[in-house]
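One structure below.
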Amino acid sequence: MAQIIDGKAVAAKVRQEVAQRAAEFTQQYGRPPGLHVLLAGDDPASAVYVRSKEKAAEQAGFAGNVQRLPATITQAELEARVAQLNADPAVDGILVQLPLPAGIDEKPILELIDPAKDVDGFHAISVGALWTGQPGLVPCTPKGCMRLLQEAGVQIAGKRAVVIGRSNIVGKPIAALLLAAHATVTIAHSRTEDLPGLCRQADILIAAVGRAKMIKGDWIKPGAAVIDVGMNRDDNGKLCGDVDFASAEPVAGVITPVPGGVGPMTIAMLMDNTLQAAHRRQAAS
Ligand code: GUN
C-alpha cells in the first residue's frame, strides 16, 4: 500500500504561504505583485485553466488581469501586447496561455517575454538558467512535482530517476530539476526500447507521456515514488493519469493520484513564481 500524496492539500498550503508572503510584499513595496495573462482564441480548456489562474491570483492578493483576445488576432498585435506588458513596471509575471490560435507562431511570442517576467519558465533564457544552475524562473508543473516529492519525504540524491516524456514543458525541465537534486536521471520516450524494464529500475518514476493508464504496476520497482503528470480520459470518459493507479498503488512506496495530485500544484507554483519574479524585480530596481 503506497502513501498517496494529496496534491490538493499541498497546493492549498503553498497558496496560503504565497498569500501571506504577498501581503508582506505589498506592505513593504506599496504595491501588490502583478500577474497578467494573455488568452487568445476560444479553446474551452484554456478558458477554464485561465479562470482558475485568475481566481488563484485574486486569492493570493495579486494585481493583474486577463486580456481575452479574439482568435483572429494577428502575430504583430499579440507581440505588441507582450511588449506592452514587458514595459509596464507594475507587471511582474506574464503568461501567454497555450495553445495559441492557428496561424500564430508561438516561439517568437514566448521569446519576446522579458525573462524576468517569464513565470511559465518557457523562455530560452529561463531554460538555459535551469540547466546551468543559475537563478531563474522554473516551469510550474515540474516545480510542483519536486515539491510533492519533498512533501512526501522522498530522498532524491543518489537515487535513480526515470522521466517518461521529453516535452519542453514537463519532461525536460523535471529531468533538469532531478539532476540538480543529485538524482541519476534517464529521460525515456516513445522510442525507448524495453520501457517497462527501464521503469523497473527507477526509484523515482515521473510519468509525463499523455497516454491513459500506460504504466502498469509490474513496471514499478517496489517502494518507488511515482509521480503522475498525465491528464487523460479513460474509455469511460473518466479523468485518469498515465499510470494505471489500481495496479501501481499496491507496488509503489508513494504515488500521486489523478485527479488531485500534480494538477493542483501547477497553479500554486504559478503563484509562487509570480511572487518570486516580483521580489527579484524589486531587488533589481
Ligand atoms: N496550457 C496548458 N498548460 C499551460 C501552461 O502551463 N502554461 C501556459 N502558458 N499554457 C498552458
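Whatever order the structure lists them in is the order used to number ligands and atoms, beginning at 1.
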Any chance you could measure Asn86, atom CG, to Asp118, atom CG, to the nearest 0.5 Å? 10.0 Å
In terms of its nearest heavy atom to atom 9 (N) of ligand 1, the top option of Leu270, Ile169, Asp120, Leu98 is Asp120
N/O separation below 3.5 Å, Gln97 to ligand 1: yes
Atoms of ligand 1 under 4.0 Å from any heavy atom of Leu95, numbered from 1 in the order shown, are 9 (N)
Does the side chain of Phe25 reach to within under 4.5 Å of the side chain of Gln28, using non-hydrogen atoms? no
Minimal heavy-atom distance between Ser126 and Leu137, with the atoms involved, is CB-O, 3.7 Å
Tell me whether Lys213 contacts the main-chain N or O of Asp234 through its side chain, where contact means a donor paired with an acceptor under 3.5 Å. no
For ligand 1, which atoms, with element, lie under 4.0 Å from some heavy atom of Val96? 8 (C), 9 (N)
